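Only a predicted model underlies this, so the values are computations on that prediction, with no experimental measurement involved.
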Protein chains: 4
Amino acid sequence: MTAGERTRATTRARLLASGKALFATQGLHHITTHDIAAHAGVAAGTFYNHFRDKAALFREITDEALAELTRRLDSVVDVKEDLEKGVRLQATALVGFAADNRDLIRILFSREADATAVQTDVLQLMADRSAAVRRELVANGTMPAEIDPEVFAQALIGMWARVVAWWAEDTSRMPREVVIETLTQIQLRGTHPQPKPSI
Amino acid sequence: MTAGERTRATTRARLLASGKALFATQGLHHITTHDIAAHAGVAAGTFYNHFRDKAALFREITDEALAELTRRLDSVVDVKEDLEKGVRLQATALVGFAADNRDLIRILFSREADATAVQTDVLQLMADRSAAVRRELVANGTMPAEIDPEVFAQALIGMWARVVAWWAEDTSRMPREVVIETLTQIQLRGTHPQPKPSI
Amino acid sequence: MTAGERTRATTRARLLASGKALFATQGLHHITTHDIAAHAGVAAGTFYNHFRDKAALFREITDEALAELTRRLDSVVDVKEDLEKGVRLQATALVGFAADNRDLIRILFSREADATAVQTDVLQLMADRSAAVRRELVANGTMPAEIDPEVFAQALIGMWARVVAWWAEDTSRMPREVVIETLTQIQLRGTHPQPKPSI
Amino acid sequence: MTAGERTRATTRARLLASGKALFATQGLHHITTHDIAAHAGVAAGTFYNHFRDKAALFREITDEALAELTRRLDSVVDVKEDLEKGVRLQATALVGFAADNRDLIRILFSREADATAVQTDVLQLMADRSAAVRRELVANGTMPAEIDPEVFAQALIGMWARVVAWWAEDTSRMPREVVIETLTQIQLRGTHPQPKPSI
DNA sequence: GATGAATGAGGCTTCATTCAT
DNA sequence: GATGAATGAAGCCTCATTCAT
């Protein structure tokens, strides 16, 4: 990599970082390309040397974030082995990602993530993945048929997104462990668990 | 009511209706006051005879929608009587509201609902209500302490909002009963219910 | 005069009064026809039953004011009789008019008075009158030729307008007598009178 | 100064010049930012690259004009030395400024100069300066107490502003020397000088 | 004549994007 | 590649005026 290339890469990285920081706190619509360039310490026109337009930067940020989140969730041991352990590990991975990428979470799980024209909805992508996995589990009887895979996927993603976006806004709101434990319990037992049948 | 007042009320209603329809499909930011006026069949300036600005119209739509939704949820019989029945009735009320007010649902449960300046987040309001109820139930032992009331509330609202917004986009996606049943099952047993202990 | 005519006249008078009060404090451009109608306690459309447009109302106010001011200045005894007495009486009449018609003064002597389209400049009218009188006085040697009648007229009117508009804004700024005396002295002796030659 | 900076400065200067020309002939309210931009040969948005808004441009023009006028008036030799000479030199400076800056005069001495929000009245500033100087002269007996410093200042400024604005509209109305001489005579002897006492 | 809802032209301002340097 | 001035389309909102009741 030449010196020029290094400079270019640095500029690009700074624009990305500025985009993350500003989109997270102000949202897509309130931030201008000038804001981002200024925050990155470059000229307004430089923005367009690196990104086709504002949507492209936003898209790149969300794509990257989604890839990383997906990677973390996938690296969890197979859920089928031990249901409780699997669910808890996934919740842990999700919350860990949120802690490490607070800005990204707020961007990813804001509804503006799908306001951008010609863009796939990030949450929908996650839901689709979940639904596919679920369909298998229902098919082979591991999961009950009363819970429809599509609806389940929307519910799961909605729950995750909201909880994690809420927590990422201010992580001092709640100890990380409580968030993980609550998500786990809800998944394993429901939001309104019925008392366990006494013997 | 005089003729003039009737005319005025009609115009106002048409603007409201146009706002609902357009916001639901295009979102707050993509719709202009001119769009709304044109859709309502009135001149651009007429918009401002009825609403201070675009945010005021949006706010009025969401406030009204929230009030109606709250009313429906509250009219359900007390959950404490019969847990399963209560949960199912609430899900039924929620889904019924979505079926009757598809546009409102999509507005209410879009994140743009909190993008408007000086506005309370609709979902947060619902979450606060849920959290308050839940704290009581945990306090008197009806609900398990492992599920934190705050986190629970965010999870419940996130789940509801996403499922219902998704379904309202295209209600032919899924029979209404399946949505209700799945929401009910998830609340009572979790997304990943453990197999019932065999005897 | 029928009852209807009396009502109509009353409405007109109230619009005029409202116009005076509002134009005086806020200026022509900051006041809307709605403001005037509202202040007068009538509907917006009623304004146009009495005045062709906003300029017409403004014009009528200034015309009326100018006529009254002219009347008062003209009623002063002839200046030629006794120079000092005449000058002082005119100053007295001017300041008296200001005291009695503070709103009118502020409208009449604001530059907005000539901002209205197709309107004769009120101050210019006064200047023209003064210049004409002056030309005679110069011609017959009563007044010195070093003081050009045209320039004199602009100077006199400018001085009067500014002093009186300033005082009318807040008459507690200065005792009325001081205003009169100063105007008189300036006219008789100049702003920078040279010391009287000692014998 | 780089080429870009030169271009920018040129654009700014053209906007300022256009503002002066247009405000002088049409007034603040009748001129739009688009008018100014078009007159300057730039796009509408360019205006806002150089001035926050229309008022800022207007303010800048008047501030600059006031500074220059003040500079000219201040550069005159001290009035106390020789009363007649001092008064005449000030009148000469004032009229010279008007001849050199006809547009500025019409803007500066229009009442719109104080119509702009959050703006100090230019004429009032001049009056305040004059009043302060005058108070001293009265205090030390150089000027007669019958002429109140505050009223005097309003009168002087009103007279100057009107005469000079009138003359600047069309300088062929009157030879420059006549304007100067008349202003001088009025200040030294009054508008209605009493015949000199014969011995 | 009074009413007041409706009209719509027009002004101000923002900002994503381009392009000459 | 970086710069940043310029662009101009587009949006929000105001308000003088009209007109049906």
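Ion pair B/Lys20/B/Glu64 flagged as a salt bridge, since at least one NZ, NE, NH1 or NH2 atom sits closer than 4.0 Å to an Asp/Glu carboxylate oxygen.
Atoms CZ (A/Arg14) and C1' (F/dG1) sit 14 Å apart, rounded to a whole Å. In this structure, CG of D/Asp35 is placed 8 Å from P of E/dC12, rounded to the nearest angstrom. Distance A/Phe51 CZ to F/dG1 P: 14 Å, rounded to the nearest Å. We find that NE2 of D/His29 is positioned 15 Å from C1' of F/dT14, with the value rounded to whole Å. Here F/dA16 presents its P atom at 13 Å from NE2 of D/His30, a figure rounded to the nearest Å.
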Nucleotides 2-8 of chain E: protein proximity per nucleotide (B base, S sugar-phosphate only, - neither; heavy atom, under 4.0 Å): BBBSBBB
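Atoms CG and CG, from C/Leu108 and C/Leu123 in turn, are 6.5 Å apart once rounded to the nearest 0.5 Å.
The two residues C/His39 and C/Ser18 make their nearest non-hydrogen contact at ND1-OG, 2.8 Å.
Between B/Asp35 and B/Thr32, the side chains place a donor N or O and an acceptor N or O closer than 3.5 Å (distance only, hydrogens not considered).
Judged by distance alone, with hydrogens and angles left aside, the side-chain atoms of A/Thr46 form no donor-acceptor pair with the main-chain N or O of A/Val42 at under 3.5 Å. Counting only distance, with no hydrogens or angles, the side chain of B/Gln26 and the backbone of B/Phe23 share no donor-acceptor pair below 3.5 Å. Counting only distance, with no hydrogens or angles, the side chain of C/Arg106 and the backbone of C/Ala168 share no donor-acceptor pair below 3.5 Å.
Contact annotation: D/Tyr48 reaches the phosphate of E/dT13 (side-chain N/O to OP1 or OP2, under 4.0 Å). Between B/Lys54 and F/dC12 there is a side-chain polar atom (N or O) within less than 4.0 angstrom of OP1 or OP2. Contact check, D/Thr33 against E/dC12: a side-chain N or O comes under 4.0 Å of OP1 or OP2.
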Would C/Leu104 and C/Glu68 satisfy side chain to side chain contact (heavy atoms under 4.5 Å, CB included), going step by step from the backbone distance to the final call? CA-CA 10 Å; C/Leu104 290 183; C/Glu68 167 67 5; 6.0 Å; no
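With contacts defined as side-chain heavy-atom distances shorter than 4.5 Å, the pair D/Phe47/D/Asp53 does not qualify.
Helical stems involving DNA chain F, defined as 3 or more consecutive Watson-Crick or G-U pairs under 3.5 Å, span E:2-21 with F:2-21.
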